There are 2 protein chains.
Amino acid sequence: MSTVRKAVSLLELFTLEEPEIGLSDLARKAGLDKATARRLLMALAEHRLVEQEPASRRYRLGAGLTRLARIRDAQLPLVPVAIPILRKLSQQTGETVHLSEYSAGALLTIHVELSAKANRVNVNVGQILPLHGTASGIALLAFARDEVRRDCLEAPLTAFTTYTMTDADKVRQAVRLAAERGYSRSAQGYEEGVHSVAAPILGSDGYPIGTVAIASPVSRAGDSVAAIQGAMAIEAARSITARLIGEVVEPAGRMPT
Amino acid sequence: MSTVRKAVSLLELFTLEEPEIGLSDLARKAGLDKATARRLLMALAEHRLVEQEPASRRYRLGAGLTRLARIRDAQLPLVPVAIPILRKLSQQTGETVHLSEYSAGALLTIHVELSAKANRVNVNVGQILPLHGTASGIALLAFARDEVRRDCLEAPLTAFTTYTMTDADKVRQAVRLAAERGYSRSAQGYEEGVHSVAAPILGSDGYPIGTVAIASPVSRAGDSVAAIQGAMAIEAARSITARLIGEVVEPAGRMPT
DNA sequence: CCCATCGGTTCATTATTCGAACCGCCGTTT
DNA sequence: AAACGGCGGTTCGAATAATGAACCGATGGG
């Protein structure tokens, strides 16, 4: 594996649950030698992508990431634009709503508005979602470029639950349905007990850059509820798209039927 | 130079002014061979730290950065906590206000609220500020750990304008004054025509993690104005500190007089 | 008091990175 | 239309940087 890949994979070990990690632990988790891990960390620290807590000597993600992320956000301000809309959507539906951004064959969860209800779906910021196993992914595929769809469907489709669609044709069919309806629907494809509905956010070229999803416990999500949620997800995604681009954008293409 | 450093320095070439860069250009700016730059970019792209625009084939910062930054922010939510306070401060003073975070011997500008006035100071998100040449830096040094102060003052002090303090003793004196007053003041030390006042935001250990600064054109910043701004900066920084930690924190130490 | 584990360092060995030269492509200039 | 220059991308022997077992001193729980 290339050195850079190793270094970045160190960064990816930090999660919401474990935001600070010691050297030995880090090396073990990454499958690297301690010396190697340290050299990489020092290089990352020099550019402030990681920091070392002076007291505990443990490592955590650095401020340089915030800096770089804000440079990126300035040109594509998805998060700040989307937050108020997501919040409203969460309040209206009473369910957890999350925003994901497409990047290199997967969706990255970049914001979450949790439902106020006691029985709710918990989604974590930072989670990486597979395209074929989630409503968000299906919604994205439905409006993505042909290559994206092809790349996803040609790769082996891993199962996350017993409900995950692992047959490319099944996925293709779900994508087709989403392309027709404008929103996707998926139950327990990625996590047990979770039902989701999602719609794509489009970039200025008319291809999706991310998705809005509404996640409910399966117990609360019948067909009629899903249809309503679908319409609301579309509405929210359109609204975010419009604010992002400054004008209304039509999808550049969708999965042919 | 280590491979990782090269890779990260590629990331740092992206700025607000130039958020998308082509391969050759990128290699030239980084002083790397085209082949090398590409290999590094591919590794970064794999982890979504950069993305390639499919149409133009140019590169830009990736969504993975947003993801990682949000994991970090979740544990140290400086930006979301600070924004409303900064905005109010900017409105009250009529000046540009910015938030910086300390990391590895420098301050990273992570949020800016621009003044509404026509004649205002423009500060860019993502700028890296030196400790000795800015009000923010002086404010931080005034309350920082001894080692931080030592490291900064022992290194050669580069001049950014003809006004920059390059004499360690002069800086030391400014830091002492800031430690007394609780806020720092600096004119044209980093950019011509800019006057700034800053106060430190403290972490739970009582040492500064960042600063709030008010930046005005020198023409608008007399002594009395500066004193008022200083008090307001302190107030804002205290308020952010309190919200961050959940309680009022006293500085763990300050530059001895 | 000991043993385990921590963060960190060293240096001969080895695997990875490097980069000049090379594609094919496209838009401009001659 | 031919020649050109710059682009993104690729190749492969030479050169360099990464590697990891062994080692340090410090820390802390049994």
Side-chain angles (χ1 to χ4, degrees), chain A residues 1-14 18-62 103-105 145-148 150-151 205 207, chain B residues 1-14 18-62 103-105 145-148 150-151 205 207:
Chain A
M1 204 202 293
S2 80
T3 318
V4 175
R5 267 168 263 263
K6 281 177 216 156
V8 181
S9 73
L10 278 176
L11 291 180
E12 311 217 306
L13 293 176
F14 297 94
E18 197 177 10
E20 286 199 354
I21 314 182
L23 174 61
S24 298
D25 209 10
L26 220 31
R28 225 172 297 125
K29 283 185 172 122
L32 297 172
D33 187 88
K34 216 170 37 161
T36 304
R38 177 150 208 286
R39 251 180 321 100
L40 299 176
L41 286 168
M42 294 321 267
L44 292 170
E46 212 166 274
H47 292 271
R48 304 172 246 274
L49 300 195
V50 298
E51 294 169 347
Q52 192 173 20
E53 181 66 32
S56 68
R57 292 191 153 181
R58 284 144 66 88
Y59 296 86
R60 70 162 107 96
L61 295 176
S103 185
R145 299 183 135 87
D146 283 339
E147 310 95 74
V148 175
R150 189 168 21 83
D151 290 352
D205 58 0
Y207 287 106
Chain B
M1 202 204 288
S2 77
T3 318
V4 176
R5 267 168 262 262
K6 280 177 217 156
V8 181
S9 73
L10 278 176
L11 291 181
E12 312 218 304
L13 293 175
F14 296 94
E18 198 178 11
E20 284 199 352
I21 314 182
L23 173 61
S24 299
D25 210 9
L26 219 31
R28 226 172 297 129
K29 284 185 171 122
L32 298 172
D33 188 88
K34 219 171 33 160
T36 305
R38 188 167 140 77
R39 247 178 327 99
L40 299 175
L41 285 168
M42 294 320 267
L44 292 170
E46 210 166 275
H47 291 270
R48 305 172 244 271
L49 300 194
V50 297
E51 294 170 347
Q52 192 173 21
E53 181 66 31
S56 68
R57 293 191 154 182
R58 285 145 64 88
Y59 296 85
R60 69 162 107 98
L61 295 176
S103 184
R145 301 183 133 88
D146 283 341
E147 311 94 73
V148 175
R150 190 170 19 84
D151 290 353
D205 57 1
Y207 287 106

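In what follows, chains are A, B, ... by sequence order, proteins preceding strands, each numbered from 1. Values reported hereafter were calculated over all heavy atoms of this structure, with side chains retained and with hydrogens, waters and symmetry mates removed. Since this is a predicted model, take the numbers as computed values, not measurements.
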Tabulate below the donor-acceptor pairs under 3.5 Å that side-chain atoms of residues 29-37 of chain A make, not counting sequence neighbours, or state none.
residue: K29(A); atom: NZ; partner: E18(A); partner atom: OE1; Å: 3.1
residue: K29(A); atom: NZ; partner: E18(A); partner atom: OE2; Å: 2.9
residue: K29(A); atom: NZ; partner: D25(A); partner atom: OD2; Å: 3.3
residue: D33(A); atom: OD2; partner: A35(A); partner atom: N; Å: 2.8

Quiz item: Which residues pass the salt bridge (charged side-chain N to carboxylate O under 4.0 Å, His left out) test with E53(A), sequence neighbours left out?
Solution: R60(A)
Quiz item: Partners of R5(A) by salt bridge (charged side-chain N to carboxylate O under 4.0 Å, His left out), sequence neighbours excluded?
Solution: E46(B)
Practice problem: At under 4.0 Å between heavy atoms, which parts of nucleotides 14-25 of chain D does protein reach? Answer with one letter per nucleotide, 5' to 3': B base, S sugar-phosphate only, - none. | Solution: ---SSBBB----
Can you tell me how far the [atom1] atom of [X] sits from the [atom2] atom of [Y], to the nearest 0.5 Å?
X      : Y      : atom1 : atom2 : answer
E51(A) : L44(A) : CD    : CG    : 12.0 Å
L61(B) : E12(B) : CG    : CD    : 10.0 Å
R38(B) : Y59(B) : CZ    : OH    : 5.0 Å
I21(B) : R58(B) : CD1   : CZ    : 8.0 Å

Quiz item: Rounded to the Å, how far apart are L23(A) CG and dA26(D) P?
Solution: 18 Å
Exercise. Quickly work out the L26(B) CG to dG9(D) C1' distance and round it to whole Å.
Key: 14 Å
Self-check item: Residue pair V50(A) / L41(A): nearest heavy atoms and the distance that separates them
Solution: CG2-O, 3.6 Å
Exercise. Considering non-hydrogen atoms only, spot the tightest contact between L11(B) and L49(B) and give its length.
Key: CD2-O, 3.9 Å
Quiz item: What pairs with R145(B) under side chain to side chain contact (heavy atoms under 4.5 Å, CB included), at least two apart in sequence or on another chain?
Solution: P54(A), E147(B), V148(B), D205(B), Y207(B)
Practice problem: Please list, chain by chain and in numerical order, all residues satisfying side chain to side chain contact (heavy atoms under 4.5 Å, CB included) with T3(B), sequence neighbours excluded. | Solution: T3(A), V4(A), L40(B)
Exercise. Examine distances only and state if a side-chain atom of R48(A) and a backbone atom of A104(B) form a donor-acceptor pair shorter than 3.5 Å.
Key: yes
Quiz item: From the 5' end of DNA chain C to its 3' end, which nucleotides mark the outer limits of contact with chain A, defined by a 4.0 Å heavy-atom distance cut-off (strictly under)?
Solution: dC6(C) to dT17(C)
Practice problem: Rounding to 10 degrees, work out the angle separating the end axes of the helix from dC1(C)-dG30(D) to dT30(C)-dA1(D) (five pairs an end). | Solution: 30°
Quiz item: Side chains of S2(B) and R39(A): closer than 4.5 Å at any heavy-atom pair?
Solution: no
Practice problem: Quick one: label R5(A) by what it contacts on the DNA or RNA (base, sugar-phosphate, nothing), any heavy atom closer than 4.0 Å. | Solution: nothing
Exercise. Pull out every residue in residues 51-61 of chain B that has a heavy atom closer than 4.0 Å to any atom of DNA chain D, ordered by number, or say none.
Key: Q52(B), R57(B), Y59(B)
